[in-house]
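Have a look at the structure below before the remarks.
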Amino acid sequence: MGTKEKNDVVRVNLTELQSSNAAGLSSPPRASQTPQGSAGPQAAGFNSPTGFEMLQRAAKMLSSGTIFPERFRNNIGDCAIVVDMALRLNASPLFVAQNLYVVYGSPAWSSKFLIGLWNSCGRYSAIRYEFLGTEGQDDWGCIAKSKEWATGEELVGPLVTLSLAKKEGWFEKRGSKWQTMPALMLRYRAATFLINTVAPELGMGIRTVEEAEDIGE
């Protein structure tokens, strides 16, 4: 094969790589590769036998990797769920796995991950926080704010205060971070309230780790 032909092959391969989806599990069909009457390549997922096979293959590979979080090692079932979530969120499976935990038997996101989804989705401005009341007192609280780019509307979440945390029983729980890092917990809970009321689809209905630990269910 001559130099020109080799360069052509390299360019074709790069083009195919660049057209792959974010998870690297499927790529759109090229006209020359799709037989007449064929549906072409399918994305990994639970929606078809072919997609499910691809999902299993990806999960098996990830479950055997040493860089994947230890809680998912040799667990093909959980890794398959991670891959499916990653595809739905258009995110890296490693990124999802690093931020998905099991709390009281149920999956839970880290609050940082959920906030990151909001900030990077392109529909809203980055979340900002406004503190009210007297620091350290029961009336000390936080509101999460953002703006919807399409309408310019300012989005304001519910006020979260130390008084609320105490009334809900979050503050007094054993090992509660509300006692040691109240400012951070106020931010996390205010942001979670904003996201859950405006765009609950971002979190796919899954609670955050902090929510799950506070509720204790």
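Just so you know, these numbers come straight off a predicted model, no measurement behind them. Just so it is clear, the values below take in all heavy atoms, side chains as well, and ignore hydrogens, waters and symmetry mates.
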Please test S146 against W118 for side chain to side chain donor-acceptor pair (under 3.5 Å), starting from the C-alpha separation and ending with a verdict.
CA-CA 10 Å; S146 182; W118 174 283; 3.2 Å; yes

Is there a continuous path of hydrophobic side-chain contacts, each under 4.5 Å between heavy atoms, that joins W178 to L159?
no

Are R187 and I115 packed together at the side-chain level, in the sense that at least one heavy-atom pair is separated by less than 4.5 angstrom?
no

P158 and L194 have their tightest heavy-atom pair at CD-N, 4.3 Å

State whether the side chain of S176 and the backbone N or O of E172 hold a donor-acceptor pair below 3.5 Å, judged by distance alone.
no

Please determine whether side chain to side chain contact (heavy atoms under 4.5 Å, CB included) holds for the pair I143 and V156, giving the CA-CA distance in whole Å, both sets of side-chain angles, and the decisive distance to 0.1 Å.
CA-CA 7 Å; I143 295 174; V156 181; 3.4 Å; yes

Side-chain heavy-atom pair V103, E213 within 4.5 angstrom cut-off:
yes

When D214 is tested against each of K177, R189, K173 for side chain to side chain donor-acceptor pair (under 3.5 Å), which residue passes?
R189

When you compare the side chain of D138 with that of K166, does any pair of heavy atoms fall below 4.5 Å?
yes

Are Y124 and W149, when compared by the centres of their aromatic rings, separated by less than 6.0 Å?
no

Where is the tightest heavy-atom contact between L100 and P107, given as atom of each residue plus distance?
CD1-CB, 4.0 Å

Are I206 and L89 connected, step by step, through hydrophobic side chains (Ile, Leu, Val, Met, Phe, Trp, Tyr) whose heavy atoms are closer than 4.5 Å?
yes

Please check this pair: side chain of S63 against backbone of K60, looking for a donor-acceptor N/O pair closer than 3.5 Å.
yes

May I ask you to test the I215-E168 pair for a side-chain heavy-atom distance under 4.5 Å?
no

Give a yes or no on whether E70 atom CD has more than 12 heavy-atom contacts from other residues, nucleotides or ligands under 6.0 Å away.
no

Can you tell if the side chain of K147 reaches within under 4.5 Å of the side chain of E153, non-hydrogen atoms only?
no

Start with the C-alpha distance between Y188 and L114, add both sets of side-chain angles, then the distance that settles side chain to side chain contact (heavy atoms under 4.5 Å, CB included), and finish with yes or no.
CA-CA 10 Å; Y188 279 171; L114 193 59; over 6 Å; no

For the backbone of R71 and the side chain of N75, can you confirm whether one donor and one acceptor N or O come within less than 3.5 Å of each other?
no

Atom CD1 of I195 and atom OG of S111: how far apart are they, to the nearest 0.5 Å?
8.5 Å

Could you check whether any side-chain heavy atom of F131 comes within less than 4.5 Å of a side-chain heavy atom of L186, counting everything from C-beta outward?
yes

If I take atom NZ from residue K145 and atom CD from residue E130, how far apart are they, to the nearest 0.5 angstrom?
3.5 Å

Closest approach of I127 to A191 (non-hydrogen atoms, all atoms of both residues):
CD1-CB, 4.1 Å

Short side-chain to backbone donor-acceptor contact, R207 and W109, under 3.5 Å:
no

If I compare all heavy atoms of A80 with all of A59, which pair ends up nearest, and what's the gap?
N-CB, 3.4 Å

Do any N or O atoms from the side chain of S110 and from the backbone of F113 form a donor-acceptor pair under 3.5 angstrom?
yes

Does the pair L55 and F46 meet the rule for a side chain to side chain contact (heavy atoms under 4.5 Å, CB included), with working shown?
CA-CA 8 Å; L55 188 69; F46 293 102; 3.4 Å; yes

Out of curiosity, T180 OG1 to L184 CG, how far, rounded to the nearest 0.5 Å?
9.0 Å

Do S163 side-chain atoms and D139 backbone N/O form a donor-acceptor pair below 3.5 Å?
no

State yes or no: do M204 and I81 share one hydrophobic cluster built from I, L, V, M, F, W and Y residues joined by side-chain heavy-atom distances below 4.5 Å, directly or via other members?
yes

Donor-acceptor under 3.5 Å (R123 side chain, E148 main chain):
no

Please check if the side chain of Q179 supplies one atom and the backbone of F171 the other of a donor-acceptor pair under 3.5 Å.
yes

Supply the atom-to-atom distance S48 OG to M54 CE, rounded to the nearest 0.5 angstrom.
8.5 Å

In one Ile/Leu/Val/Met/Phe/Trp/Tyr side-chain cluster, 4.5 Å: L87, L117
yes

If we only count heavy atoms from C-beta on, is the T192 to E211 side-chain gap below 4.5 Å?
yes

Return the minimal non-hydrogen interatomic distance between C79 and F68, and the atom names on each side.
SG-CE2, 3.8 Å

Counting only heavy atoms not in F193 (residues, nucleotides, ligands), do more than 12 fall under 6.0 Å from its CZ?
yes

So do P182 and L162 actually touch side chain to side chain, heavy atoms under 4.5 Å?
yes

Residues L202 and C121: closest non-hydrogen pair is CD2-CB, 4.3 Å

Has R88 got more than 12 heavy atoms of other residues, nucleotides or ligands less than 6.0 Å from its CZ?
no

Assess whether side chain to side chain contact (heavy atoms under 4.5 Å, CB included) is satisfied between V82 and L62, documenting all intermediate values.
CA-CA 10 Å; V82 166; L62 294 173; 5.6 Å; no

